[in-house]
Visitor: 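Provided herewith is a single structure, encoded as structure tokens, for subsequent inquiry.
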Amino acid sequence: MSYSGNQSCLWGTDDSVSFLVCVFHTWQEWAGIEGLEDYLSFLQYLVWIFTPLVVVFILPFLIVLLLYVSILFLHIYKRKNQLREALRSNNLWDGARKTLAIIWDGHGAIWHGYEIHGMEKVPDEGGALIVYYHGAIPIDYYYFLANVIIQKGRTCHSVADHFVFNVPGFKLLLEVFSVIHGPQEECVRALQSGYLLGISPGGVREALFSDETYQLLWGKRKGFAQVAIDAKVPIIPMFTANVREGFRSLGPLRFFRWVYERFRLPIAPVYGGFPVKFRTYLGDPIPYDPNLTADELAEKAQNAVQSLIDQHQQIPGNILRALLERFHTRHKEE
């Protein structure tokens, strides 16, 4: 008696056909797939042909990766004295902050050839409000925070959107790096206490829906300006060239924009991680002026950030061009 019509798979005979082979032939007949063994043999042939090629390319890649890991180690080792002092600090998290700052600074140097221009405009003491353009992922801002810790020996507080505080596992990181969700009173209190404070008026909307044209999406937001007025501190504009070429968002697509506008869910996918050149520029501080209203100061700050974009960013942004900037020093002149 045959099994499912397969004459080669007989039960109770002396044939040495295994049960698995029998099942395979039965499934092949049931599915109507003819010549599957030939396809599998061809696939095996391709694997046999291309495996040496894959190995040939993977091994050099692993060597390059090891070299970059070595460079990151050297960046950390170069600042071993700073780390030693930080670890001896009485402050519980001071050593951790400095260690992470050195790691992030090393990552920026290796992956993006990160440069920062105008760091001298950040005061060595006293409060100041840093206002910046928000990339799809604000990795440039993380590099800036690292440089503030390393070069200035200061911690810059930051304002983040509410959804960040709901990300599992982020609580400790946000506490250690003094990230707040932004009530004006708390921002004013931090600035009056002599801390730096970083904020992006465009926030999540700018991160998701701006694109390679680097459009500022601040709307009519002026709360940040009122904070600076109440705290009597200067505003320092900041912009990073090519930040949109490092990471891009699919937010401009109609569906993702509709979801955000309707439900305030920032679900638009972000892609990239390209090793493009990053240059952060800090503009001239806008001093506290009691005669300016919040509307006037907000407009002045927006114009200052826009001026940095106009001076230092080629529009529209181009990923290939930004990659090539890693190999030469030319960039848009002021």
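What you see is a predicted model; the values in this text were computed from it and never measured.
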Visitor: Given ring-ring contact (aromatic ring centres under 6.0 Å, His included), test Tyr133 with Trp218 step by step and report yes or no.
Guide: CA-CA 10 Å; Tyr133 171 83; Trp218 293 14; 9.1 Å; no
Visitor: May I ask you to check whether Phe144 and Tyr132 place their ring centers less than 6.0 Å from one another?
Guide: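 Phe144 vs Tyr132: aromatic centres not under 6.0 Å.
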Visitor: Mind listing the closest non-hydrogen atom pair of Gly198 and Cys156 along with its distance?
Guide: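 Nearest heavy atoms, Gly198 then Cys156: N-SG, 3.7 Å.
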Visitor: Are Ile236 and Pro285 side-chain neighbours, meaning at least one heavy-atom pair lies under 4.5 Å?
Guide: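 When only atoms from C-beta onward are counted, Pro285 and Ile236 do touch, with a gap below 4.5 Å.
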Visitor: Give, for atom CG of Asp310 and atom CD1 of Ile315, the distance between the pair rounded to the nearest 0.5 Å.
Guide: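 Those atoms lie 6.5 Å apart.
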Visitor: Please round to the nearest 0.5 Å and tell me the distance separating atom NZ of Lys222 and atom CD of Glu296.
Guide: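 Taking NZ in Lys222 and CD in Glu296, the distance rounds to 11.0 Å.
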Visitor: Shortest non-hydrogen contact from Ile149 to Arg97?
Guide: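 Closest heavy-atom pair between Ile149 and Arg97: CD1-O, 4.2 Å.
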Visitor: Counting only heavy atoms not in Glu120, do more than 12 fall under 6.0 Å of its CD?
Guide: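 Check passes, neighbour count above 12.
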Visitor: Could you see if Val188 belongs to whatever hydrophobic cluster contains Leu297? Use Ile, Leu, Val, Met, Phe, Trp, Tyr and a side-chain cutoff under 4.5 Å.
Guide: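 Yes: a chain of side-chain contacts under 4.5 Å links Val188 to Leu297.
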Visitor: State, without any angle test, whether Gln215 and Asp211 hold a side-chain donor-acceptor pair at a distance under 3.5 Å.
Guide: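 Result is no, nothing qualifies.
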Visitor: Is the shortest distance from a Lys or Arg side-chain nitrogen in Lys277 or Glu245 to a carboxylate oxygen in the other one below 4.0 Å?
Guide: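 The answer is no: the pair does not qualify as a salt bridge.
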Visitor: Check this for me, if you would: do Asp124 and Lys152 make a salt bridge, where the nitrogen-to-carboxylate-oxygen distance has to be below 4.0 angstrom?
Guide: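 Salt bridge between Asp124 and Lys152, a charged N being under 4.0 Å from a carboxylate O: yes.
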Visitor: More than 12 heavy atoms of other residues, nucleotides or ligands under 6.0 Å from CZ of Phe165: is that the case?
Guide: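 Counting neighbours around CZ of Phe165, more than 12 heavy atoms of other residues, nucleotides or ligands fall under 6.0 Å, so yes.
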Visitor: For the pair Trp93 and Glu175, evaluate side chain to side chain contact (heavy atoms under 4.5 Å, CB included) and give the outcome as yes or no after the intermediate values.
Guide: CA-CA 10 Å; Trp93 295 113; Glu175 288 179 358; over 6 Å; no
Visitor: Decide yes or no for Thr280 and Tyr114: does some side-chain heavy atom of the first lie under 4.5 Å from some side-chain heavy atom of the second?
Guide: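 Yes; the side chains approach each other to less than 4.5 Å.
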Visitor: Pairing donors with acceptors under 3.5 angstrom, does anything connect the side chains of Gln184 and Asp230?
Guide: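 Distance-only check fails for Gln184 and Asp230.
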Visitor: Assess whether a salt bridge exists between Glu261 and Arg254, defined as any Lys/Arg side-chain N lying under 4.0 Å from an Asp/Glu carboxylate O.
Guide: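 Salt bridge absent between Glu261 and Arg254.
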Visitor: Got a second to check how far Asp289's CG is from Lys232's NZ, nearest 0.5 Å?
Guide: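 So the gap between those two atoms works out to 12.5 Å.
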Visitor: If we count only N and O atoms by modelled type, under 3.5 Å, do the side chains of Ser200 and Tyr141 hold a donor and an acceptor together?
Guide: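 There is no such pair between these side chains.
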Visitor: Is there side-chain contact between Ser178 and Tyr195, with heavy atoms separated by less than 4.5 Å?
Guide: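 Not in contact.
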Visitor: Please give me the minimum heavy-atom distance between Leu72 and His107, naming the atom from each residue.
Guide: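 So the minimum-distance heavy-atom pair works out to CD1-N, 3.9 Å.
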Visitor: Are Glu212 and Arg244 within salt-bridge range, i.e. N to O under 4.0 Å?
Guide: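 So Glu212 does not pair with Arg244 through a salt bridge.
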